[in-house]
Amino acid sequence: MTVNLTDSQRAAVEHVEGPLLVLAGPGSGKTRVITHRISRLLQHGAKPEQILALTFTNKAAREMSERVEKLLGGLRVRVSTFHRFCSRLLRRWPERVGLKENFTILDQSDQTSIVRAILKDLNLDPSVHEPGRVLSRISRARNDMITSEQFRRQYEQRASGPLEAAVYQVFPEYERRVREQNSVDFDDLLLHVVTMLQEEEELRSVLDEQFRYILVDEYQDTNLAQYRIVQAMSQDYRNLCVTGDPDQSIYGWRGARPANITAFERDYPERQVVTLDQNFRSTARIVTCADQLISFNRRPHRGRLVTDNPEGEPVRLRVFEHGDAEANGIALEIRELVESGQRQYSDFAIFYRVNALSRLFETALSRHEIPCQIAAGYSFFERAEVRDLIAWLRLIENQSDNAALERVINRPARGIGNTSMLRLRNFADREKISIFAAAERCAQIPSLSARCCKALLGFTDLINRLHEQSAAGQVAPVLERLIAEIDYLALWREVDDEVDVDREANVYELVSAARQYDSAAEDLLIVGDSSEYTLEHPEKPSLQGFLEMATLSSEADSIDPEKGAVTLMTLHASKGLEFPCVYITGLESGLIPHERAVREGDPSSFEEERRLLFVGITRAMQKLTLTQTSERVFRGMRRTTISSPFLPEIASSLQREFSSSTVRAALPAAGDQRLEQARKRFEAAQQNRERPLLMTGAQLAFQRQQPETDVTDDTTQTHPFEIGMSVRHPRYGRGEVVEVSGGSHRATVTVQFENTGEVHTFVASRCPLQPIGG
DNA sequence: CCGACTACTGTTTTT
DNA sequence: CAGTAGTCGG
């Protein structure tokens, strides 16, 4: 069985007892090693239920469990994402962390609404403190296991920006409200489990014993909470195997700590380390290219990548005029390769940095009648109509789920508007009850009209009836009755009585997902013994189970490499996959690396961008094409692009190809006559306070040569301001920009002036000039 | 209280 | 461009 393994692969497979760290480079056969290792564990007497494999994404979980099942001839071990695993634990022992068994999981839009409501109650302007931003700051803190209390203290110790000021006020209230409605957010799933394991030693040791062999994939992506969870379960039985690659750490922005790898070596001094660095996936040229790129990181985490694979085709860089041409060119090439019989559609993948670019490729491919599957941001479960129905189901399950209630109570409209809701909320606050409970007692709220009251009672009655029905376990009948009773499809019916087919299809798809769930749920579960601490108690299908599935899975999971279609996805989503032919698109400054990563000025986020490109490159098995455009439409504005700074780093392994009509996207050299034209246009535009129609490379160069910019109180530029930039103000003279905030249309700029040392803040209005990128 | 219209603003990546 | 928050007339 282990005949085809290399020495280091075999070392990892044959290691049975004790902690093991596998440093696995891309394409080094990691999954193979893990599955063989599991089989080895079983041979050595481990029971399947003692093995727990934790992954980061559903996709990875599914793939691993399929491969294990195949190798072991149908034997199943527990493979789960962190979030799902935690959800199961909480479902089993909710009272340990003060939850009720029917708790619901909030999605991101619920979280944002809660933050928005809190900001409002605190009289903080949501246009200044953007709810999404506040939320992500809270989430980041919680990922680092910083409590609201600690956050407040930190805030008081060192003066911070206005965002922090809002966050420290919102933070505790956010936690309170989420808890109050018997719900959890994504972070809570992990955090509650950390608390549980910390405070309940008995439970901890039982779980430690139950899961004697724990495997963690993509260990570099674990955050502090995940680290703690794994730690806690690997104290008495230290058979913890983690696999990771610091060079593929691309989730730093989300609290991932690649340093957990180093921590592992510290926590388990007796650990064994195996390095897998031979690449079996890609051609030698692709491997060289990847290796070259990653070596530019301050601390590349490996020796050189090696491979015995043949050299293969050159890695190409194709330059196109604009985004449409890029998408079209790729589509055309794919079509030709398929039509000539050399390739099939499923061989191809197209990667991009931001989801916003997916459309371009989607339309180009469909123009060429090329089938494609998109692992895009808009998952099935995120569509409005599906989320509506899910919110209804959540409320049916958990009547304290205020977030769900707020979403559905007037949808379809039943005459319960803002004012009524305000009164209802007030009553609920006063009585310390949920909004649903308040609605049931609406007769006691004198300010509510009789009509409104009647509507409220109709609503609560419906929920109660459906709740009763849901006790039977089956989800589909509840959902079907709900849709019928609220005549949900009518909501999407146009005036002329035509039904929105897409939405209707989604509704039916949800119903059929529920049916499928109902029939599949029963055989999903592994039956363990029935002691108090058994995790796998046999479970009937339940509304809860269905909701968990709906909330914790995403569209990216449904990507099927065998589907006979070209795959479109973000670079992030590509991790862990491989394709014979890969296009990495938009190799432009501001996109790869992303503008924001550059603006942060933090070398580590810049390096994360480099790792992201590294991940993308190493997905390719045979044919890798990087593409770039000369101009790109962004936010409805056309902008000339600048080449990605990563390209020069791999220049020697690239073969450049320019489309016939392409002008090179680069800054013009000094003395270029285009520079002179640009100067004139720039000045004319400035005088007329107009925006130039098109920013050319020459204009960019021209602006770069103007280090000083005038600042007045009412007119400022937005984007061109960067921290450290020198500016001149008619009244205060020369100064240096110390802070910039705001978006592309409005911004505030804080400047410290040389003469007086004073600091002034300017509110920028719409800028007469185009912002320059980067 | 509802829906239609307008104005404004934003865009990383995801469990 | 496209999503949404906010305003206004019915």
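Naming: A, B, ... by sequence-line order, numbering from 1 per chain. Hydrogens, waters and symmetry mates play no part in the numbers below; they use all other heavy atoms, side chains included. None of the values given here were measured: they were computed from a predicted structure.
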Rounded to whole Å, OH of A:Y251 lies from P of B:dT14 at a distance of 6 Å
Atom CG of A:L189 and atom C1' of B:dT14 are separated, to the nearest Å, by 14 Å
- Query: Just by modelled atom types, is the A:F85 backbone N or O under 3.5 Å from a matching donor or acceptor in the A:S80 side chain?
  - Reply: yes
Whole-Å distance, A:E595 CD to B:dG10 P, equals 13 Å
- Task: Write down the distance separating the C1' atoms in C:dT4 and B:dT13, rounded off to the nearest Å.
- Result: 23 Å
Those residues at least two apart in sequence (or on a different chain) that pass side-chain contact (heavy atoms from CB on, under 4.5 Å) with A:A439 are A:L424, A:L456, A:T460
- Query: What do you reckon, do A:W253 and the base of B:dT13 stack, with centroid distance below 5.5 Å and planes below 30°?
  - Reply: yes
Here the distance between atom P of B:dT14 and atom CG of A:D185, to the nearest Å, is 18 Å
Next item on the list: Look at the side-chain N and O atoms of A:R359 and state whether any lies under 4.0 Å from the OP1 or OP2 oxygen of C:dA2.
Entry: yes
Does the separation of the ring centres of A:F606 and A:F646 fall below 6.0 angstrom?
yes
Separation of B:dT14 atom C1' from A:R254 atom CZ, nearest Å, is 4 Å
Separation of B:dT15 atom P from A:D110 atom CG, nearest Å, is 17 Å
Check your understanding: Should the pair A:R254 and A:Y251 be classed as cation-pi, given the thresholds of under 6.0 Å to the six-membered ring centre and 45° from the axis?
Key -> yes
- prompt: Charged N to carboxylate O below 4.0 Å: is that the case for A:R394 and A:D110?
  reply: yes
Whichever of A:R423 and A:H594 has the more 5' nearest nucleotide on DNA chain B, that residue is A:R423
Q. With no hydrogens and no angle check, is any side-chain donor or acceptor of A:Q111 less than 3.5 Å from a backbone partner on A:D185?
A. no
When rounded to whole Å, the NZ to P distance for the pair A:K575 and B:dT13 reads 16 Å
Reckon A:R116 has a side-chain N or O less than 4.0 Å from the OP1 or OP2 of C:dA5? yes
Report task. Compare side-chain N and O positions of A:T57 against OP1 and OP2 of B:dT14 and report whether any pair is under 4.0 Å apart. Result -> no
**Message:** Under 4.0 Å from OP1 or OP2 of B:dT14: is there any side-chain N or O of A:N355 that close?
**Reply:** yes
Stems in DNA chain C, runs of 3 or more consecutive Watson-Crick or G-U wobble pairs with both distances under 3.5 Å, sorted by first number, are B:1-10 with C:1-10
note: A:L360, atom CG; C:dA2, atom P; distance rounded to Å ~ 12 Å
**Asked** Which is it for A:I105 and A:S87 under the side-chain contact (heavy atoms from CB on, under 4.5 Å) test, yes or no, and what are the steps along the way?
**Response** CA-CA 9 Å; A:I105 304 171; A:S87 169; 4.1 Å; yes
